[in-house]
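Numbering of ligands and ligand atoms starts at 1, following listing order.
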Amino acid sequence: MRVVFMGPPGAGKGTQAAVLASRLGIPHISTGDIFRANVAEGTELGKQAQQFMDAGEYVPDSVTNAMVRDRLTHDDCRPGFLLDGYPRTVEQVAELDAMLRSAGHALDVVVELTVDIDEVVARLVKRAQEQGRTDDTEDVLRRRLEVYGEQTAPLIDTYFQRGILVQVDGMGLIEEVTERLFAVVVVD
Ligand code: AMP
């Protein structure tokens with residue numbers, strides 16, 4: 001199964017994506033996690049990404065696309081994958097389409113976790129305090145939400161038009177959201 005997971009920062013996307021991927025038996029590929037690991041290890045990729053992440057901006061498409069292209073060639077992606085946080089721009093959608101097409105594959109489903117924006121801001125501020133993430137100061141948070149609205153929210157319509165979008169209410173307890181997700185995505 002090939003799944004894309006979308007939703008604004010703070011929607012609880014990472015947590016739900018990990019649970020769903022594990023349930024489906026496919027790798028959970030979070031571009032944000034890969035970037036953070038590279039920043040922590042001080043790799044060349046990490047150096048290229050950090051300034052953008054710290055400012056709440058997107059890492060350039062050329063860098064992000066190359067990273068995902070490489071990741072999807074790993075053996076563990078053969079039965080499928082769950083992409084969390086990619087694609088996030090129109091260009092990334094086109095690039096992912098090209099990667100899939102050349103492998104003779106297609107996306108099965110795009111999941112959008114929907115949330116109340118006030119709730120999202122409250123969650124993000126709380127997470128910033130708890131984790132001390134350098135990309136989670138209040139100004140940066142606002143910028144991240146703005147960038148999501150400008151560049152990523154429009155992609156939802158693209159996938160809706162293709163008939164593969166599934167929207168799941170992301171509000172409420174983690175377990176409740178997981179249950180809703182499984183009800184619409186997991187087919188035994
Ligand atoms: P996330 O943990 O998914 O919210 O990602 C954290 C940060 O990593 C984002 O704010 C971006 O700076 C960067 N990032 C993650 N995924 C992408 C992507 N698909 N395109 C560009 N930048 C990304």
Side-chain angles (χ1 to χ4, degrees), residues 2-21 27-73 77 81-100 107 110-115 117 119-156 158-159 168 170 174 177:
R2 292 175 183 84
V3 184
V4 161
F5 213 83
M6 297 179 69
K13 190 166 55 75
T15 309
Q16 297 295 343
V19 175
L20 181 62
H28 169 216
I29 302 174
S30 157
T31 43
D33 284 352
I34 299 175
F35 281 134
R36 275 185 290 279
N38 276 275
V39 168
E41 288 162 23
T43 67
E44 193 49 44
L45 178 64
K47 282 177 201 147
Q48 286 173 345
Q50 186 165 25
Q51 52 171 319
F52 297 100
M53 296 173 78
D54 284 350
E57 304 291 339
Y58 286 167
V59 177
D61 286 334
S62 55
V63 175
T64 309
N65 285 334
M67 179 179 90
V68 172
R69 187 175 272 282
D70 173 71
R71 181 64 186 85
L72 295 188
T73 61
C77 291
F81 50 76
L82 184 150
L83 281 168
D84 167 10
Y86 181 96
R88 264 169 148 124
T89 66
V90 171
E91 271 188 60
Q92 292 179 14
V93 169
E95 184 72 13
L96 178 61
D97 285 344
M99 288 180 221
L100 288 165
L107 286 177
V110 174
V111 179
E112 183 204 1
L113 214 53
T114 60
V115 287
I117 212 72
E119 170 81 0
V120 163
V121 172
R123 277 192 200 177
L124 287 172
V125 169
K126 187 159 165 270
R127 187 173 74 182
Q129 287 162 352
E130 285 168 2
Q131 302 181 350
R133 276 176 56 156
T134 52
D135 62 349
D136 269 0
T137 64
E138 203 167 332
D139 284 353
V140 175
L141 292 181
R142 232 175 256 132
R143 182 64 194 143
R144 290 175 72 212
L145 284 164
E146 225 171 68
V147 172
Y148 180 83
E150 286 165 7
Q151 301 203 47
T152 306
L155 309 186
I156 289 164
T158 304
Y159 288 123
V168 175
I174 290 179
V177 178

For this session: Examine distances only and state if a side-chain atom of Q92 and a backbone atom of R88 form a donor-acceptor pair shorter than 3.5 Å.
Result: yes

Problem set entry | Residue I117 excluded, over 12 heavy atoms near CD1 under 6.0 Å | yes

Problem set entry | Under-4.0 Å heavy-atom contact with ligand 1, by part of F35 that carries it | side chain

Seminar exercise, completed: Rounding to 0.5 Å, atoms NE2 (H28) and CG (L20) come to a distance of 9.5 Å

Exercise. Do ligand 1 and V59 have nitrogen or oxygen atoms that lie under 3.5 Å from each other?
Worked result: yes

Problem set entry | Nearest neighbour of atom 6 (C) of ligand 1 from the list K13, R143, R36, M67, on a heavy-atom basis | R36

Exercise. Of Q51, Q151, E57, E91, which has the heavy atom at the shortest distance from atom 11 (C) of ligand 1?
Worked result: E57

Exercise. Does P87, backbone or side chain, put an N or O under 3.5 Å from an N or O of ligand 1?
Worked result: no

Exercise. Of T89, T31, T152, which is the lone residue that meets side chain to side chain donor-acceptor pair (under 3.5 Å) with Y58?
Worked result: T152

For this session: List every atom of ligand 1 that sits less than 4.0 Å from any heavy atom of R144, numbering the atoms from 1 in the order shown and giving each element.
Result: 4 (O), 10 (O)

Exercise. Between the side chain of D70 and the main-chain N/O of A66, is any donor-acceptor distance below 3.5 Å?
Worked result: no

Exercise. With a 4.0 Å heavy-atom cut-off (strictly under), which part of T64 contacts ligand 1: side chain, backbone, both or neither?
Worked result: side chain

Exercise. Heavy-atom distance to atom 16 (N) of ligand 1: which of R88, Q92, M53 wins?
Worked result: R88

Problem set entry | More than 12 heavy atoms of other groups within 6.0 Å of Q48 CD | yes

Exercise. Going from CZ on R71 to CZ on F81, what distance comes out if it is rounded to the nearest 0.5 angstrom?
Worked result: 10.0 Å

For this session: Taking only heavy atoms of T31 into account, list the atoms of ligand 1 that are under 4.0 Å away from them.
Result: 15 (C), 16 (N), 17 (C), 19 (N)

